[in-house]
Protein chains: 2
Amino acid sequence: MTDAAPPVMTRIQQKNRDLILQAALEAFSTNGFRGATIDQIARAAQMSKPNVLYYFGSKDEIHKALLTTLLDMWLAPMQQIDPRGDPLAEILRYVQAKLQMSRDFPRESRLFAYEILQGAPHLTEVLGGGLREIVDRTVEVLEGWMRDGRLASVEPRHLIFSIWAMTQHYADFEIQVRAVLGPGHDPYQEGLVFLDDLYRKLLAP
Amino acid sequence: MTDAAPPVMTRIQQKNRDLILQAALEAFSTNGFRGATIDQIARAAQMSKPNVLYYFGSKDEIHKALLTTLLDMWLAPMQQIDPRGDPLAEILRYVQAKLQMSRDFPRESRLFAYEILQGAPHLTEVLGGGLREIVDRTVEVLEGWMRDGRLASVEPRHLIFSIWAMTQHYADFEIQVRAVLGPGHDPYQEGLVFLDDLYRKLLAP
DNA sequence: CGTGATCCTGACCGTTTGGTCAATATTCTG
DNA sequence: CAGAATATTGACCAAACGGTCAGGATCACG
C-alpha cells in the first residue's frame with residue numbers, strides 16, 4: 001500500500017511555484033483575472049512565460065491554486081472564535097484580526113473581492129460547501145451566546161456579513177477611503193476604534 | 001454669439017447611445033472593464049461593432065460615459081439627508097435608500113466596485129473632488145447633530161464608510177451572501193432589519 | 001424628389017494573449 | 001562521470017480584441 005500520488009516536490013519546484021504564486025497574487029489582485037497576463041506574471045517572477053506554464057498548466061490553474069492556497073488563511077480568524085471565551089471579547093478580537101488582515105494582506109482581500117464580484121466561478125463549491133459550514137458553526141456559537149443572554153440578539157449571519165463588509169471595505173476600497181479622508185489619516189487605526197465602538201453598542205446584552 | 005457646442009442629439013443618436021450604455025453596463029458590471037468586449041456590447045445592443053464605435057470613439061469612452069452618467073444617481077441619496085430633519089430618521093432613511101439601490105441597481109454597484117478595486121483610473125478627479133465635497137457637507141451635518149447631542153458621537157466619515165460597506169456588500173457580494181444564507185431568504189429584507197437595529201443602537205444619543 | 005447629412009456594416013489590420021513545441025541547459029543519481 | 005530526469009527558453013501559432021476604412025443604406029428637409 002504505497003502513497004497513491006506522493007506530492008513530493010523538488011527544491012526548485014517549491015521555490016518556483018512559490019515565486020509564480022507570489023507574482024500572480026500581485027497581478028490578479030491589481031487587475032483582476034482577465035486583466036492580468038501570463039507575461040506579466042512571468043516577468044514579475046523573473047522567468048520565461050513557457051516556464052510559468054511548465055509549473056502551472058494554464059492561467060486558470062494559477063488562479064485556482066492561488067485561491068485555494070489562500071482560502072484557509074483567509075478564513076482562519078473566524079475559526080479561532082472560542083465558544084468558551086467572553087462573547088464580546090471574542091467578537092471584538094475577530095473584528096480586529098479581520099481588520100489587520102485587510103491592512104496586512106490587502107492583495108488577498110482584493111483577489112477574493114474580484115472573484116466574488118465576478119460570480120465566484122472558481123469558488124462555487126467552496127461557497128456552498130466549506131464556507132457555509134464554517135459560518136454555520138460560528139452561527140451556532142453566536143446563537144448559544146444569545147440564548148444565554150450574554151450577547152444582544154441579532155441575526156447572526158448578517159452580523160458576520162457586517163464584519164466582513166466593514167473590514168474588507170478598508171482594503172478593497174482603500175483608494176476611496178483615502179481620498180475621502182485626505183492625507184494624515186490612518187484608516188485602519190481609526191476604523192478599529194469605530195468598529196470597536198459599533199460592535200460594543202450593538203452586541204451589549 | 002451662438003452656442004459653442006450645442007449637444008443636440010437626433011432621435012436615433014439618443015436611442016442608440018442609450019442602448020449601448022445599457023448593454024455596456026451589463027457587460028462591464030459582470031466581467032469588469034477588461035473582461036468586457038466591444039463585440040459583446042455590440043451583440044447585446046443588437047448592432048455592429050463599428051456602429052458602437054461610431055457613437056463612442058473607444059471602449060474607454062463608453063466606460064467613462066457610463067461612470068459619469070451613473071455617478072450622480074449613485075451619490076444622490078446622501079445629498080437628500082435633511083439637516084433640519086430628525087437625525088436618526090434621516091440616517092436610517094439614507095441606509096434604507098442605499099440598500100434599496102443595491103437591490104434595484106446591483107449592476108451599478110458592481111460597476112463602481114470594479115472601478116474602485118482597480119484603483120479608480122477613471123474616477124480619480126471625482127474621488128478627490130466632488131465626492132469629497134459631498135462627504136464633507138454630510139460630515140458637517142452629522143457633526144452638527146452630534147454637537148447638539150441629538151446623535152451619539154462617532155467618527156462621521158467612518159460612519160459613512162460603514163453604511164457604504166454594508167449596503168453595497170449585499171450587491172457586490174450577493175453570490176456569497178446567498179450561498180451562506182441558503183435558499184428561502186430575502187437578503188435585502190433581512191439586511192434592512194439588521195442595519196436598522198445596528199444604527200439605532202450605535203447612534204442613539 | 002433630390003441631395004446632403006447621418007447612420008450602418010463587411011472586410012480588414014496590427015497587437016495582445018493564452019498556450020504549444022522542439023531544442024537546449026541544468027540538476028540529480030547510480 | 002554518464003545518462004536519465006528535470007528545468008528552461010526562443011520561436012511560433014491561432015484566437016480574440018480594439019480599432020479603422022471605404023462604401024452603401026437610410027433619413028431629414030428644402
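Letters go in sequence order (proteins before strands), and every chain restarts at 1. The structure presented is a predicted model; accordingly, all values stated were derived computationally and were not measured.
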Are OP1 or OP2 of [N] and a side-chain N or O of [X] less than 4.0 angstrom apart?
X      : N       : value
S48(B) : dG10(C) : no
Q13(A) : dT6(D)  : no
N51(A) : dT9(D)  : yes
Y55(B) : dT6(C)  : no
N16(B) : dT6(C)  : no
Y54(B) : dC7(C)  : yes

Interatomic distance, [X] [atom1] vs [N] [atom2] [rounded to whole Å]:
X      : N       : atom1 : atom2 : answer
R17(B) : dC7(C)  : CZ    : P     : 11 Å
Q46(A) : dT9(D)  : CD    : P     : 11 Å
K15(A) : dT6(D)  : NZ    : P     : 17 Å
I62(A) : dT17(C) : CD1   : C1'   : 13 Å

* With a 4.0 Å cut-off on heavy atoms, is F56(A) in touch with a base, just the backbone sugar-phosphate, or nothing at all? -> nothing
Give a yes or no answer on whether the side chain of [X] reaches the backbone of [Y] with a donor-acceptor pair at less than 3.5 Å.
X       : Y       : value
N51(A)  : Y54(A)  : no
E90(A)  : D82(A)  : yes
Y199(B) : I163(B) : yes

* Stepwise ring-ring contact (aromatic ring centres under 6.0 Å, His included) check, Y170(B) with H158(A) -> CA-CA 10 Å; Y170(B) 286 96; H158(A) 288 265; 5.7 Å; yes
* Asked: In terms of side-chain geometry, is the basic nitrogen of R178(A) or D186(A) positioned less than 4.0 Å from the acidic oxygen of its partner?
  -> no
* To do: Can you check each nucleotide of nucleotides 16-30 of chain D against protein heavy atoms at under 4.0 Å and return B for base, S for sugar-phosphate only, - for none, in 5' to 3' order?
  => -SBBBB------S--
* **Sequence neighbours excluded - ring pair (Phe, Tyr, Trp, His ring centres under 6.0 Å) pairs with any residue from residues 98-120 of chain B** =>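 Passing the test, one end in residues 98-120 of chain B: W74(B)-F112(B).
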* Structure fact -> Only one of R110(A), R43(A), R107(A) passes salt bridge (charged side-chain N to carboxylate O under 4.0 Å, His left out) with E26(A), and that residue is R107(A)
